[in-house]
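All remarks here apply to the structure that follows.
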Amino acid sequence: MTKKYYQVPPMDVANHWSLFSALIDKAMTKAENDDYTMEGIFNRLINNQWQLFVIIDGEELESIFVSCVIHFDTRKYLNPIFITSNTDKKVDLGYMQQCLEEIAKAFGCNRIMGGGRAGWKKALSRFGYKDLNLVVKEL
(Lines give C-alpha, C1' and ligand atoms only; values in the text may rest on other atoms or scores of the structure.)
Protein backbone atom coordinates (compact mmCIF):
# COMPACT_ATOMS: atom_id res chain seq x y z
CA MET A 1 0.00 0.00 0.00
CA THR A 2 1.12 3.51 -0.71
CA LYS A 3 1.04 6.41 1.71
CA LYS A 4 -0.05 9.83 0.52
CA TYR A 5 -0.66 13.10 2.28
CA TYR A 6 -3.30 15.67 1.47
CA GLN A 7 -4.17 19.09 2.74
CA VAL A 8 -7.75 19.22 3.94
CA PRO A 9 -9.32 22.28 2.30
CA PRO A 10 -10.49 24.81 4.90
CA MET A 11 -14.12 24.41 3.77
CA ASP A 12 -13.93 20.63 4.41
CA VAL A 13 -12.57 20.86 7.96
CA ALA A 14 -16.05 21.30 9.44
CA ASN A 15 -17.39 18.21 7.65
CA HIS A 16 -15.04 15.94 9.59
CA TRP A 17 -14.41 18.09 12.65
CA SER A 18 -15.51 15.43 15.16
CA LEU A 19 -12.73 13.12 13.96
CA PHE A 20 -10.10 15.84 13.57
CA SER A 21 -10.87 17.50 16.89
CA ALA A 22 -10.57 14.16 18.73
CA LEU A 23 -7.13 13.57 17.19
CA ILE A 24 -5.97 17.12 17.88
CA ASP A 25 -7.18 16.78 21.46
CA LYS A 26 -5.18 13.54 21.74
CA ALA A 27 -2.03 15.36 20.58
CA MET A 28 -2.64 18.29 22.94
CA THR A 29 -3.22 15.95 25.88
CA LYS A 30 -0.05 13.92 25.25
CA ALA A 31 2.02 17.10 24.92
CA GLU A 32 0.30 18.67 27.94
CA ASN A 33 -0.41 21.67 25.71
CA ASP A 34 -3.05 24.03 27.08
CA ASP A 35 -2.16 27.03 24.90
CA TYR A 36 -5.07 26.49 22.50
CA THR A 37 -8.79 25.82 22.54
CA MET A 38 -10.66 23.63 20.09
CA GLU A 39 -12.69 26.65 19.01
CA GLY A 40 -9.53 28.65 18.30
CA ILE A 41 -7.95 25.78 16.39
CA PHE A 42 -11.12 25.25 14.35
CA ASN A 43 -11.31 28.95 13.47
CA ARG A 44 -7.65 29.08 12.40
CA LEU A 45 -8.14 26.03 10.19
CA ILE A 46 -11.32 27.21 8.47
CA ASN A 47 -9.79 30.66 7.93
CA ASN A 48 -6.62 29.08 6.45
CA GLN A 49 -4.34 30.61 9.08
CA TRP A 50 -3.31 27.04 9.90
CA GLN A 51 -3.29 24.02 7.62
CA LEU A 52 -4.60 20.52 8.33
CA PHE A 53 -2.99 17.56 6.57
CA VAL A 54 -3.97 13.91 6.59
CA ILE A 55 -1.78 10.93 5.80
CA ILE A 56 -3.62 8.08 4.15
CA ASP A 57 -2.14 4.57 4.00
CA GLY A 58 -4.05 2.66 1.36
CA GLU A 59 -7.59 3.68 2.19
CA GLU A 60 -7.05 4.21 5.92
CA LEU A 61 -6.40 7.44 7.78
CA GLU A 62 -3.00 6.89 9.38
CA SER A 63 -2.27 10.25 10.97
CA ILE A 64 -2.88 13.97 10.85
CA PHE A 65 -0.84 17.07 11.42
CA VAL A 66 -1.61 20.74 11.79
CA SER A 67 0.90 23.34 10.67
CA CYS A 68 1.31 27.05 10.17
CA VAL A 69 3.78 29.25 8.36
CA ILE A 70 5.67 31.78 10.45
CA HIS A 71 7.40 34.73 8.78
CA PHE A 72 10.54 36.28 10.22
CA ASP A 73 12.68 38.97 8.62
CA THR A 74 15.24 36.57 7.18
CA ARG A 75 13.50 33.20 7.39
CA LYS A 76 10.18 31.58 6.73
CA TYR A 77 9.35 28.58 8.92
CA LEU A 78 6.91 25.73 8.65
CA ASN A 79 5.77 25.00 12.19
CA PRO A 80 4.06 21.64 12.70
CA ILE A 81 1.92 22.37 15.75
CA PHE A 82 0.15 19.03 16.27
CA ILE A 83 1.12 15.60 14.95
CA THR A 84 -0.73 12.45 15.92
CA SER A 85 -1.56 8.97 14.74
CA ASN A 86 -5.14 7.83 14.17
CA THR A 87 -4.30 4.57 15.97
CA ASP A 88 -2.09 3.52 18.85
CA LYS A 89 0.78 2.97 16.40
CA LYS A 90 3.65 5.44 16.37
CA VAL A 91 3.78 8.09 13.68
CA ASP A 92 5.99 7.08 10.74
CA LEU A 93 8.61 9.79 11.28
CA GLY A 94 10.47 9.06 8.05
CA TYR A 95 7.38 9.64 5.95
CA MET A 96 6.29 12.57 8.15
CA GLN A 97 9.66 14.24 7.58
CA GLN A 98 9.30 13.78 3.83
CA CYS A 99 5.85 15.38 3.97
CA LEU A 100 7.02 18.31 6.08
CA GLU A 101 9.94 19.04 3.77
CA GLU A 102 7.74 18.96 0.65
CA ILE A 103 5.11 21.16 2.28
CA ALA A 104 7.71 23.61 3.58
CA LYS A 105 9.16 23.99 0.09
CA ALA A 106 5.69 24.40 -1.44
CA PHE A 107 4.98 27.24 1.02
CA GLY A 108 8.37 28.84 0.33
CA CYS A 109 9.75 28.01 3.78
CA ASN A 110 13.45 27.52 4.35
CA ARG A 111 13.23 26.03 7.85
CA ILE A 112 11.03 23.72 9.87
CA MET A 113 10.61 24.24 13.59
CA GLY A 114 8.47 22.62 16.20
CA GLY A 115 8.09 21.55 19.76
CA GLY A 116 6.20 19.02 21.78
CA ARG A 117 6.93 16.14 24.08
CA ALA A 118 10.52 15.58 25.22
CA GLY A 119 10.68 12.29 23.31
CA TRP A 120 10.51 14.15 19.99
CA LYS A 121 14.01 15.59 20.54
CA LYS A 122 15.79 12.27 20.32
CA ALA A 123 13.58 10.92 17.55
CA LEU A 124 13.98 14.01 15.36
CA SER A 125 17.72 14.42 15.85
CA ARG A 126 18.31 11.66 13.28
CA PHE A 127 16.55 13.85 10.69
CA GLY A 128 18.90 16.78 11.27
CA TYR A 129 16.88 18.76 13.81
CA LYS A 130 18.83 20.75 16.39
CA ASP A 131 17.60 21.26 19.92
CA LEU A 132 17.61 25.01 20.44
CA ASN A 133 16.57 26.07 23.89
CA LEU A 134 13.25 27.76 24.45
CA VAL A 135 12.53 29.17 27.84
CA VAL A 136 9.11 30.22 29.05
CA LYS A 137 8.09 32.16 32.16
CA GLU A 138 4.54 32.09 33.42
CA LEU A 139 3.17 35.55 34.37
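The figures here come from the full heavy-atom set of this structure, side chains too, leaving out hydrogens, waters and symmetry mates. It should be emphasised that the depicted structure is a prediction, and the values quoted were computed from it without experimental measurement.
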Expected output: side-chain Asp92 to main-chain Tyr95 donor-acceptor under 3.5 Å: yes
Beyond-backbone contact of Ile81 with Tyr36, side-chain heavy atoms, under 4.5 angstrom: yes
Glu102 versus Tyr5, side-chain donor and acceptor atoms under 3.5 Å: yes
Nearest-0.5 Å distance that lies between atom OG1 in Thr84 and atom CG in Leu23: 6.0 Å
Stepwise ring-ring contact (aromatic ring centres under 6.0 Å, His included) check, Phe42 with Trp50: CA-CA 9 Å; Phe42 177 78; Trp50 288 3; over 10 Å; no
Working for side-chain contact (heavy atoms from CB on, under 4.5 Å), residues Met11 and Ile46: CA-CA 6 Å; Met11 59 244 171; Ile46 64 170; over 6 Å; no
Ring-ring centroid check Tyr77 Phe72, cutoff 6.0 Å: yes
Check: Lys76 main-chain N/O paired with Asn110 side-chain donor or acceptor under 3.5 Å: yes
Check against side-chain contact (heavy atoms from CB on, under 4.5 Å), Asn15 and Val13: CA-CA 6 Å; Asn15 296 335; Val13 169; over 6 Å; no
Side chain Asn47, main chain Gln49, donor-acceptor under 3.5 Å: no
Among Lys26, Met28, Lys30, the one residue meeting side chain to side chain contact (heavy atoms under 4.5 Å, CB included) with Phe82: Met28
Residue pair Trp17, Leu45: steps toward the side-chain contact (heavy atoms from CB on, under 4.5 Å) verdict: CA-CA 10 Å; Trp17 184 240; Leu45 289 170; 3.8 Å; yes
Nearest-0.5 Å distance, OG of residue Ser63 to CD1 of residue Ile83: 8.5 Å
Separation between CD of Gln51 and CZ of Arg44, rounded to the nearest 0.5 Å: 12.5 Å
Flag, side chain of Lys89 to backbone of Glu62, donor-acceptor distance under 3.5 Å: no
Spacing of NE2 belonging to His16 relative to CG belonging to Leu19, to within rounding of 0.5 Å: 8.5 Å
Short side-chain to backbone donor-acceptor contact, Thr37 and Gly40, under 3.5 Å: yes
Single-linkage hydrophobic cluster Val8~Tyr6, side-chain heavy atoms < 4.5 angstrom: yes
Check: Ser21 main-chain N/O paired with Asp25 side-chain donor or acceptor under 3.5 Å: no
Donor-acceptor under 3.5 Å (Asn86 side chain, Leu61 main chain): yes
Distance (rounded to the nearest 0.5 Å) between Arg111 CZ and Leu78 CG: 13.5 Å
Cys99 SG to Lys4 NZ distance, which is reported to the nearest 0.5 Å: 11.5 Å
Candidate pair Met38 and Ile24, rule side-chain contact (heavy atoms from CB on, under 4.5 Å), full reasoning: CA-CA 8 Å; Met38 283 300 160; Ile24 292 168; 3.8 Å; yes
